[in-house]
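Here the structure is laid out as structure tokens; the discussion comes afterwards.
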Amino acid sequence: MFYPADWENILGDVVVVVDNPDPVPADDGSILIPVGRVDVAPADTPAFLGRPATGESALSTVVRQQLWWESLLASPPPSGSASGCGVVG
């Protein structure tokens, strides 16, 4: 399991842009991340990739995870970037 600080260490300053199909609810029922094209900062990554919120479909979480990884892999951080996940080579 990754914790918020882990994602910040891994991603550095990398923001992943995703076309989010479903709102990401907070534990209190408010909307944490809205529908539409969103910038997922390292600090928001655990909530975006995390387990479903109460009443949310597990499939919604899987779809968000797929979209996030596809976006990151389509535009990886350059080698030497502030992230720990830059292109090696």
Side-chain angles (χ1 to χ4, degrees):
M1 174 174 192
F2 288 105
Y3 295 96
D6 295 327
W7 283 110
E8 291 175 21
N9 288 333
I10 292 167
L11 295 171
D13 59 358
V14 173
V15 173
V16 179
V17 179
V18 177
D19 288 319
N20 188 28
D22 297 304
V24 178
D27 289 333
D28 66 1
S30 65
I31 301 301
L32 187 60
I33 301 173
V35 172
R37 192 164 188 84
V38 296
D39 295 340
V40 183
D44 298 327
T45 300
F48 193 81
L49 298 179
R51 71 186 194 303
T54 303
E56 183 185 27
S57 164
L59 182 59
S60 295
T61 301
V62 173
V63 168
R64 282 197 307 270
Q65 291 169 352
Q66 178 182 353
L67 292 170
W68 187 90
W69 281 107
E70 286 176 347
S71 179
L72 179 66
L73 294 174
S75 298
S79 179
S81 71
S83 80
C85 62
V87 175
V88 177

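For clarity, every value in this text was computed on a predicted model and none was experimentally measured. Only this structure's heavy atoms are used, side chains among them; waters, hydrogens and symmetry mates stay out.
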Could you pull out all residues at least two apart from [X] that satisfy side-chain contact (heavy atoms from CB on, under 4.5 Å)?
X     : answer
Ser71 : Val16, Val18
Asp44 : Ile33, Val40, Ala41
Leu59 : Ser57, Val63
Glu70 : Gln66, Leu67

Say whether, by atom type as modelled, one donor and one acceptor occur between the side chain of Asn20 and the main chain of Pro34 under 3.5 angstrom. yes
| query | Does one hydrophobic cluster hold both Val38 and Trp69, with members joined at side-chain heavy-atom distances below 4.5 Å? | reply | yes
Is there a path of hydrophobic side-chain contacts, each under 4.5 Å between heavy atoms of I, L, V, M, F, W or Y residues, that connects Leu32 with Trp7?
yes
Identify the heavy atoms of [X] and [Y] that sit nearest to each other, and give their distance.
X     : Y     : value
Pro23 : Arg64 : O-NH1, 4.3 Å
Leu11 : Pro42 : CB-CG, 3.8 Å
Val15 : Asp39 : CG1-CB, 3.4 Å
Gln65 : Gly50 : NE2-O, 4.4 Å

Across all chains, not counting sequence neighbours, the salt bridge (charged side-chain N to carboxylate O under 4.0 Å, His left out) partners of Asp19 are Arg37
